[in-house]
> 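Let me give you the structure first, and then I'll get to my questions.
Quick caveat: nothing in here was measured; it's all calculated off a predicted structure.
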Amino acid sequence: MLDELNRLLRDPTLTRALARSVARLRAGLRDLSVVARDAIRRLAQAVRGVRIPFPRRLLLALLALMLPFALFALLSSSDDKPPAPSAQVPLPALPAALGGAMSAVQMPDVRPDPVKVRQVRVALVLDRTYDAATLRRELRALGTWLAANHAPGTRVSVIDARTARASRPARGAELAAVRPQRRRASTAAAVRSAFGRQRERRLLVALDTAAPPSTANTLRIATRPGAGTGSITPLGRGGLARATIDDRRPNALAASVARAVMAVSGQREVR
């Protein structure tokens, strides 16, 4: 087939026909350019012959003022157009089971009480259940709740159970930024340092780890997929309570600690 095409292209008859066609096309383009040039020249002469009843500078000023409005009208009309069907990509639907498992846990609502809320010292002993970003989210939720619903003197210390590193006692508004930095001799020593010598109500929270010996009210939290966050039973002096949470659900840890703080300080939850 290539040989046949080559033979046709080398045929003198076809070559002469193509040359004639190209010459005619060039002549037609030259004639078209001459006609267009004459039309533009005549239009310019006609415009110069028109007498405008007001100065040309005023006309140019009006045109300059109208140009921004025209551009704005064009842009607004283009924005109002609905997107093409091909550009509308539907979002994938989340499975119902996933949505239920990942839904946030509600933070407790506090019943108004005229009695002054007593401040609490909290030692939060954590294993490596939560990564850094998720733990920061839980501490932010707990800190926001404490700042809005609890005594200003309430302090929370975060303790790493494996390294015995402890953070400084932080207020609710500072809780999201604290990091366990100062290393102690043991987890029990870190807890004693967090409580200090103040005669305040104390709460020890141990997440997925053994709680060190302490005379403080103790909440032991275990994690299990699909578990809820039940209410914390009232804690007496040196009392012990247990809770099971799903660590994949946002606010699960924060809500459990908040309810334990309420139980220690005597607050009541609105149900």
Side-chain angles (χ1 to χ4, degrees), residues 105 107 117-223 229 232 235-245 247 250-265 267:
V105 178
M107 298 296 290
V117 180
R118 296 185 180 181
Q119 59 189 27
V120 180
R121 283 277 180 149
V122 182
L124 186 57
V125 183
L126 303 175
D127 201 350
R128 303 297 173 86
T129 303
Y130 288 95
D131 56 31
T134 309
L135 178 59
R136 204 159 39 241
R137 180 198 68 197
E138 294 295 316
L139 293 178
R140 184 180 297 108
L142 177 60
T144 302
W145 183 90
L146 289 174
N149 300 284
H150 216 265
T154 296
R155 299 289 186 270
V156 180
S157 299
V158 181
I159 301 172
D160 190 338
R162 296 189 181 183
T163 62
R165 294 183 182 274
S167 70
R168 58 180 178 82
R171 298 192 298 267
E174 307 168 339
L175 194 53
V178 299
R179 299 291 182 274
Q181 294 178 346
R182 188 172 181 179
R183 188 162 189 169
R184 300 291 181 176
S186 62
T187 306
V191 171
R192 289 194 298 269
S193 176
F195 287 147
R197 297 182 179 180
Q198 289 84 359
R199 293 185 177 181
E200 301 170 337
R201 300 200 171 190
R202 302 175 178 182
L203 173 64
L204 171 61
V205 180
L207 174 65
D208 277 340
T209 185
S214 176
T215 58
N217 298 288
T218 304
L219 171 64
R220 297 184 61 179
I221 302 178
T223 56
T229 53
I232 305 301
L235 297 169
R237 187 173 183 82
L240 173 65
R242 291 181 174 87
T244 304
I245 64 173
D247 58 289
N251 299 346
L253 175 63
S256 298
V257 177
R259 288 186 170 91
V261 170
M262 290 176 59
V264 171
S265 61
Q267 287 179 297

> In Å, rounded to the nearest 0.5 Å, how long is the span from CZ of Arg121 to CG of Leu204?
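Between atom CZ of Arg121 and atom CG of Leu204 there are 14.5 Å.
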
> Supply the atom-to-atom distance Arg162 CZ to Leu126 CG, rounded to the nearest 0.5 angstrom.
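Nearest 0.5 Å value for the CZ-CG distance: 11.5 Å.
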
> Looking at OG1 of Thr129 and CG of Asp247, how far apart are the two atoms once the value is rounded to the nearest 0.5 Å?
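With rounding to 0.5 Å, OG1 (Thr129) is 6.5 Å from CG (Asp247).
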
> Taking it one step at a time, do Val178 and Leu175 satisfy side chain to side chain contact (heavy atoms under 4.5 Å, CB included)?
CA-CA 6 Å; Val178 299; Leu175 194 53; 4.0 Å; yes

> Under the 3.5 angstrom rule, does the side chain of Arg165 hit a backbone N or O of Gln181 as a donor-acceptor pair?
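Checking the backbone N and O of Gln181 against the side chain of Arg165, a donor-acceptor pair under 3.5 Å is found.
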
> Rounded at 0.5 Å granularity, tell me how far CD1 in Ile159 sits from OG in Ser193.
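The CD1 atom of Ile159 sits 8.0 Å away from the OG atom of Ser193.
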
> Are more than 12 heavy atoms, taken from residues, nucleotides or ligands other than Arg179, located less than 6.0 Å from that residue's CZ atom?
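Buried by this count: over 12 neighbours within 6.0 Å.
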
> Counting neighbours of CZ on Arg171 that are heavy atoms of other residues, nucleotides or ligands and sit closer than 6.0 Å, is the number greater than 12?
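Not buried by this count: 12 neighbours or fewer within 6.0 Å.
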
> To the nearest 0.5 Å, how far apart are CG in Leu139 and CD in Glu174?
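Nearest 0.5 Å value for the CG-CD distance: 12.5 Å.
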
> With Arg128, which of Leu135, Thr209, Asp160, Asp208 fulfils side-chain contact (heavy atoms from CB on, under 4.5 Å)?
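For Arg128, the side-chain contact (heavy atoms from CB on, under 4.5 Å) check succeeds only for Asp160.
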
> Could you report the tightest heavy-atom contact between Ala123 and Ala194, atom names first, then the distance?
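It is CB-CB, 4.2 Å.
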
> Checking the side chain of Thr218 only, and the main-chain atoms of Ala216 only, is there a donor and an acceptor separated by less than 3.5 Å?
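Between the backbone of Ala216 and the side chain of Thr218 there is a qualifying donor-acceptor contact (under 3.5 Å).
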
> Can you give me the closest heavy-atom contact between Asn251 and Met107, atom names plus distance?
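In terms of heavy atoms, the two residues are closest at CB-SD, 4.1 Å.
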
> To check you understand the geometry: which heavy-atom pair defines the closest contact between Glu138 and Leu253, and what is its length?
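Smallest heavy-atom distance, with atoms named: OE1-N, 3.2 Å.
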
> In Å and rounded to the nearest 0.5 Å, what is the CZ to OG1 distance from Arg192 to Thr187?
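If I round to the nearest 0.5 Å, the distance is 10.5 Å.
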
> Nearest heavy-atom pair of Ala176 and Arg136: which atoms, and what distance?
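Heavy atoms of Ala176 and Arg136 come nearest at O-CG, 3.4 Å.
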
> More than 12 heavy atoms of other residues, nucleotides or ligands under 6.0 Å from CZ of Arg118: yes or no?
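Counting other residues, nucleotides and ligands, CZ of Arg118 stays at 12 neighbours or fewer.
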
> Look only at the side chain of Asp131 and the backbone of Thr134, and say whether a donor-acceptor pair between them is shorter than 3.5 Å.
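Yes; at least one donor-acceptor contact below 3.5 Å.
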
> Can you name the nearest heavy-atom pair linking Gln119 to Gly153, along with the distance?
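That would be OE1-CA, 3.0 Å.
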
> Without swapping roles, check the side chain of Thr154 against the backbone of Val120 for a donor-acceptor pair under 3.5 Å.
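It does hold such a pair.
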
> For Arg140, does its backbone N or O pair with a side-chain atom of Thr144 as donor and acceptor, under 3.5 Å?
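Yes, Thr144 side chain to Arg140 backbone: donor-acceptor pair under 3.5 Å.
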
> Using every non-hydrogen atom in the two residues, find where Tyr130 and Ile245 come nearest and quote the distance to one decimal.
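Of all heavy-atom pairs spanning Tyr130 and Ile245, the closest is OH-CD1, 3.7 Å.
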
